[in-house]
Chemist: 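Below you'll find the structure I mean.
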Amino acid sequence: MALSEQQPAGGSLAAVRDALGDARQVAVLTGAGMSAESGIPTFRDALTGLWANFDPEALASIEGFRADPARVYRWYVERREGVRRAEPNAGHVALAAWARRHPGSMTVITQNVDDLHQRAGQPGVIRLHGDILADQWLEPCRHPAVPGRPCDPADADEGQPPKCARCANLARPAVVWFGEALPEAALARAERAARECQLMLVVGTSGAVWPAAGLALQARRAGARVVILNPADSEIDVVAHDLLRGTAARLLPLLLGGGVAC
Ligand code: NAD
């Protein structure tokens, strides 16, 4: 089915609630808008988006990191502080509470690199784009005497990327940058969840980043009802059976029932 052959419908909360009641498996694909009401800026929203003030190629690519590791690392240190200060919002909490009431029936697939789904108590979250709070080594350890041995972090100066004490390798944030492949196992699990669900909720994503955006199309092709929750148009609206216009923290509790953070 070509994207252009599909007609987006409007959507009513009551109809989507009925579909939720009928679904054995629910997949939820989340993007930066999911965390916007927790105070974490999205990438593309014109007024507050991160890219409105920064050059994505310089700050979120391997080339940008190699050109100026300290600058890129400092930018991530600041973003990490924002993520640590943030709290899960009513949308994260409603998803986690629904999952607790229906064990084994919901799979959350997130493009977000924050940990707000996890802190709300969501089990088994599939992270497609990594974890902003973690580091990983740029290269395998290059010390010739110990092939295969992992790097050994030396003390790093404040705001500088940690270095390996033996080979001077640098640590970088454990996120997927532009031009990098998604973690294979996470993508395979996400594709399986998309194929096997009867209902997919797509929350707070512009649908501009692939292959994550393609999961909605995979779910629809496999027969699932696809519902987009977003206050604005997205690039994958044509894939949806239902478009619910509103924010994650408002719509998800209305749809799933509220909950308490665990
Ligand atoms: P995006 O910035 O491209 O799109 C954000 C979407 O969220 C837009 O469609 C916007 O209309 C919608 N939105 C804004 N406020 C909302 C709200 N309160 N409720 C629901 N929706 C709302 O983000 P994206 O589609 O996730 O793709 C860009 C990349 O950004 C992802 O790869 C992700 O890794 C990264 N990212 C992650 C975080 C995070 O971890 N919190 C933050 C910024 C960007």
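Just so you know, these numbers use all the heavy atoms, side chains as well, and skip hydrogens, waters and symmetry mates. When a ligand or atom number is given, it counts from 1 through the structure's own listing order.
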Chemist: To which of E235, H129, R127 does the heavy atom nearest atom 32 (O) of ligand 1 belong?
Modeler: H129

Chemist: Between I62 and Y76, is there shared hydrophobic-cluster membership here, with clusters defined by ILVMFWY side-chain heavy atoms closer than 4.5 Å?
Modeler: yes

Chemist: Has the side chain of S61 got a donor or acceptor atom that lies under 3.5 Å from a matching backbone atom of G64?
Modeler: yes

Chemist: Quick one: does ligand 1 sit under 4.0 Å from the side chain of A212, the backbone, both or neither, non-hydrogen atoms only?
Modeler: neither

Chemist: As an exercise, identify every atom of ligand 1 less than 4.0 angstrom from a heavy atom of I40.
Modeler: 41 (N)

Chemist: If the cut-off is 4.0 Å to any non-hydrogen atom of A232, which atoms of ligand 1 fall inside it?
Modeler: 11 (O)

Chemist: With backbone taken as N, CA, C and O and side chain as the heavy atoms from C-beta onward, which portion of T42 lies under 4.0 Å from ligand 1: side chain, backbone, both, or neither?
Modeler: both

Chemist: Counting both backbone and side chain atoms, is some N or O of D233 under 3.5 Å from an N or O of ligand 1?
Modeler: no

Chemist: Taking only Lys NZ, Arg NE, NH1 and NH2, and the carboxylate oxygens of Asp or Glu, determine whether E180 and R172 approach each other closer than 4.0 Å.
Modeler: yes

Chemist: With under 30° as parallel and over 60° as perpendicular, where do the rings of H92 and H117 fit, or are they tilted in between?
Modeler: perpendicular

Chemist: Taking the basic N atoms (NZ, or NE/NH1/NH2) and the acidic carboxylate oxygens, is any pair closer than 4.0 Å for R225 and D242?
Modeler: yes

Chemist: Pick one of side chain, backbone, both or neither for how A248 approaches ligand 1, counting any non-hydrogen atom pair under 4.0 Å.
Modeler: both

Chemist: Using a strict cut-off of 4.0 Å, indicate which atoms of ligand 1 neighbour a heavy atom of E37.
Modeler: 17 (C), 18 (N), 19 (N)

Chemist: Evaluating non-hydrogen atoms only, which member of N230, I132, L182 is closest to atom 9 (O) of ligand 1?
Modeler: N230

Chemist: Any idea which atoms of ligand 1 are less than 4.0 Å away from a heavy-atom of G31?
Modeler: 26 (O)

Chemist: Is S234 touching ligand 1 with its side chain, its backbone, both, or neither, if touching means heavy atoms under 4.0 Å apart?
Modeler: neither

Chemist: Run the contact test for P231 against ligand 1 with a 4.0 Å cut-off on heavy atoms, strictly below, and give the result.
Modeler: yes

Chemist: Strictly distance-based, threshold 3.5 Å: is any side-chain N or O of H129 a donor or acceptor partner for the main-chain N or O of V175?
Modeler: no

Chemist: Can you list the ligand 1 atoms lying under 4.0 Å from a non-hydrogen atom of A36?
Modeler: 15 (N), 18 (N)

Chemist: Check this for me - ligand 1, L229, N or O atoms closer than 3.5 angstrom, yes or no?
Modeler: no

Chemist: Look at R66 together with E139 and state whether they make a salt bridge at an N to O cut-off of under 4.0 Å.
Modeler: yes

Chemist: Which ligand 1 atoms are under 4.0 Å away from a heavy-atom of D114?
Modeler: 39 (C), 40 (O), 41 (N)

Chemist: Before accepting this row, confirm whether a basic side-chain N of the pair R245/D237 lies closer than 4.0 Å to the acidic partner's carboxylate O.
Modeler: yes

Chemist: Using residues 13-25 as the side-chain source, report each donor-acceptor pair under 3.5 Å to any protein atom, sequence neighbours left out, with the distance given to one decimal.
Modeler:
| from | atom 1 | to | atom 2 | distance (Å) |
| --- | --- | --- | --- | --- |
| R17 | NE | L254 | O | 3.3 |
| R17 | NH2 | L254 | O | 2.9 |
| Q25 | NE2 | G104 | O | 3.0 |

Chemist: For the 3.5 Å polar cut-off, considering only N or O atoms, please tell me whether A32 and ligand 1 meet it.
Modeler: yes

Chemist: Near P41, which atoms of ligand 1 are under 4.0 Å from a heavy atom of that residue?
Modeler: 42 (C), 43 (C)

Chemist: How does V209 reach ligand 1, by side chain, by backbone, by both or by neither, if only non-hydrogen atoms under 4.0 Å count?
Modeler: side chain

Chemist: May I ask you to test the L95-L252 pair for a side-chain heavy-atom distance under 4.5 Å?
Modeler: yes

Chemist: So, taking the atom named NZ in K163 and the one named CH2 in W137, what distance separates them when rounded to the nearest 0.5 Å?
Modeler: 10.5 Å

Chemist: Before you tell me yes or no, could you show the steps for E196 and R189 under salt bridge (Lys or Arg N to Asp or Glu O under 4.0 Å), namely the whole-Å CA-CA distance, both residues' side-chain angles and the distance that decides it to 0.1 Å?
Modeler: CA-CA 11 Å; E196 292 178 356; R189 283 179 60 213; over 6 Å; no

Chemist: Can you list the atoms of ligand 1 that are under 4.0 Å from a heavy atom of S35?
Modeler: 41 (N)

Chemist: Nearest heavy atom to atom 6 (C) of ligand 1: which of G82, G204, G91 does it belong to?
Modeler: G204

